Amino acid sequence: MHPLAPLLRTVLNATSHIAPGLAGRAVFALFARPLGRSRPRPSEREVLAQARAGRLTVNGKRVVTYTWGDGERPVLLVHGWSSRGSRFTDFVTALRDRGYSPVAFDAPGHGDSEGRATTILEYREIIRKLHARHGDFEAVVAHSFGVLATFFALRDGVVARRIVGVGGVGSFDYLVDGFCAGLGLRDRLKHELRRHIEGLLFPEEPGIWQRFNVAYRPEEVGVPVLLFHDEGDDMVPLSQSRLTAAAHGERARLVVTRGLGHRRILADPQVVAEAVAFAVSGRDEAAVCSHAPDPAP
C-alpha cells in the first residue's frame, strides 16, 4: 500500500467529482512509478560486490545488469515492482554452488538504473537484450510483477527451459484493480486510469488487457513451470498464481507456503533450495516440496 494512501484517497476521490481528467492524470502518475528506490540490504552487499556489472540502454535509460559465474548455463532473475536485482542474493549463491551463471538487472526506476518509471514493454526489451547477450536461459526465476513480464517476453522469442515464479502477478488487469483497491479509489478513477494506460503508456499496443496476461496463448511458452505463493501474501493474492497454474495445466505445479508473505518468501531457505533444484534439473519431480501443495485449480 502507498504510504500516503489515506490522504491520496481523500484528495483524489474528491477531485474526481469536479475534475475527473485531472484526478485521472494524477492517479496515472502514481501508477507508473515505483514507490521509492530500494537500496541493497546489508545481507546482499557481499554477493552484489562479486557481480560483474554491465549496462544496457532501453528507451534512452541506462539499465544496470549483474552477472556471476563463468557464463555457462545462464539463469535469469527478474525482480518485481519497487524492488531490485539484489533481492535474489540467496538464489545467486545457490545457483553458483551448482555451477550455473545467474544474470540479474535493475529495471528503469529501480535500484541503480536510470529513469523514474518503467513498463512491461521495457522489462521485455531488457530480457530480450540479455537473451541476445547470454543465449538461451536454463531457467528464469521471477518475482511478483517480474512473473508477468517473464511470460510476456517468453511469448516473444526469448527462450528458457524452465520457469520459477514466486508470488507472481498473472493478470495485467490485477495491476490496475489492486492499485485502485489499495488506494480506495472510486470506479470513475479506475476507468480514467485504464484510459490513460491505453492512451499514454501503450498507444500502439492493441489488446493489452489480454496480451499481457500469463494466460494468453500459454502454448507459446510450453515449458515446465514451478510456482510458489504464500497464502498470506498481502501484496499479490494467491489467486494470481492459481490463474497461472490453471493456464499452463499439467506443465505447472503450484506450491503454497505459509507465514512467508510477499517478500520474505524470496529468502526462505526451503523455497530457494527447491526452486533452484527445479530450475537446474528440468524434472518436475525435483520440485516435490514439504510445503503443502495447492490442490489442482
Side-chain angles (χ1 to χ4, degrees), residues 1-38 59 79-83 107-110 115-124 143-149 151-152 165 167-216 229-244 246-247 261-263 297:
M1 180 181 292
H2 198 286
L4 298 177
L7 176 61
L8 291 170
R9 178 186 307 118
T10 300
V11 171
L12 291 171
N13 283 334
T15 304
S16 70
H17 287 287
I18 56 177
L22 176 62
R25 288 192 295 274
V27 170
F28 173 73
L30 290 171
F31 175 81
R33 294 182 182 179
L35 294 177
R37 189 179 289 271
S38 60
N59 288 339
H79 70 76
W81 198 255
S82 297
S83 186
H110 296 74
R116 302 177 68 182
T118 192
T119 69
I120 193 171
L121 298 182
E122 291 185 343
Y123 264 73
R124 178 182 65 178
H143 179 232
S144 194
F145 174 75
V147 175
L148 191 71
F151 278 94
F152 183 49
V169 176
S171 165
F172 193 64
D173 286 273
Y174 169 75
L175 295 176
V176 174
D177 294 341
F179 176 81
C180 291
L183 284 180
L185 302 180
R186 56 194 294 255
D187 287 343
R188 175 68 179 269
L189 280 176
K190 183 191 295 188
H191 172 76
E192 286 292 321
L193 176 56
R194 289 174 69 96
R195 186 172 66 84
H196 279 80
I197 290 171
E198 292 169 355
L200 297 178
L201 278 186
F202 309 111
E204 299 178 1
E205 294 282 340
I208 61 172
W209 307 106
Q210 293 77 41
R211 290 195 304 111
F212 293 173
N213 287 347
V214 167
Y216 183 75
H229 210 119
D230 196 77
E231 64 180 7
D233 191 320
D234 63 348
M235 297 293 294
V236 179
L238 175 57
S239 59
Q240 289 292 295
S241 282
R242 285 183 171 144
L243 175 70
T244 301
H262 187 67
R263 298 179 183 87

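Side chains included, hydrogens not; waters and symmetry mates left out as well; all remaining heavy atoms used. Positions are given from 1, in the same order as the sequence printed here. None of these values were measured; they are calculated from a predicted model.
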Minimum heavy-atom distance between Gly232 and Asp230, given as atom pair plus value:
N-OD2, 2.9 Å
Main chain of Ala107, side chain of His79: is a donor-acceptor contact present, judged purely on distance under 3.5 Å?
yes
Could you tell me the separation between the CZ atom of Phe179 and the CD1 atom of Ile197, rounded to the nearest 0.5 Å?
9.0 Å
How long is the straight-line distance from CG of Leu30 back to CG of Leu183, given to the nearest 0.5 Å?
7.0 Å
For a ring pair (Phe, Tyr, Trp, His ring centres under 6.0 Å) check, start with the C-alpha distance between Phe172 and Phe152, then their side-chain angles and the critical distance, and finish with the verdict.
CA-CA 11 Å; Phe172 193 64; Phe152 183 49; 8.9 Å; no
Report the relative orientation of the aromatic rings in Phe212 and Phe202; use parallel for angles under 30°, tilted for 30 to 60°, perpendicular for over 60°.
perpendicular
So, for Ser144 and His262, which heavy atoms are closest and what is the spacing to 0.1 Å?
OG-NE2, 3.0 Å
Starting at NE2 of His229, measure out to OG of Ser239 and round the result to the nearest 0.5 Å.
7.5 Å
Find the distance between CG (Leu175) and CD1 (Ile120) and round it off to the nearest 0.5 Å.
7.5 Å
Val176 versus Lys190: any side-chain heavy-atom pair under 4.5 Å?
yes
Has His110 got a side-chain atom pairing as donor or acceptor with Pro108's backbone, closer than 3.5 angstrom?
yes
Please name all residues satisfying side-chain contact (heavy atoms from CB on, under 4.5 Å) with Gln240, sequence neighbours left out, ordered by chain then number.
Val169, Ser171, Tyr174, Val236, Pro237
Are Glu122 and Asn59 packed together at the side-chain level, in the sense that at least one heavy-atom pair is separated by less than 4.5 angstrom?
yes
Between Trp81 and Pro34, the two heavy atoms sitting closest are NE1-CA, 3.5 Å
After noting the C-alpha distance and the side-chain angles of Val27 and Glu192, does the key distance pass the side-chain contact (heavy atoms from CB on, under 4.5 Å) rule?
CA-CA 8 Å; Val27 170; Glu192 286 292 321; over 6 Å; no
Drop me the distance from His143's NE2 to Arg263's CZ, to the nearest 0.5 angstrom.
8.0 Å
Nearest 0.5 Å please: distance from the CD atom of Glu198 over to the CG atom of Leu193.
10.0 Å
Just to verify, what does Arg194 make a salt bridge (Lys or Arg N to Asp or Glu O under 4.0 Å) with, not counting sequence neighbours?
Asp173
Under the side-chain contact (heavy atoms from CB on, under 4.5 Å) test, which residues partner Arg33, sequence neighbours left out?
Arg116, Ala117
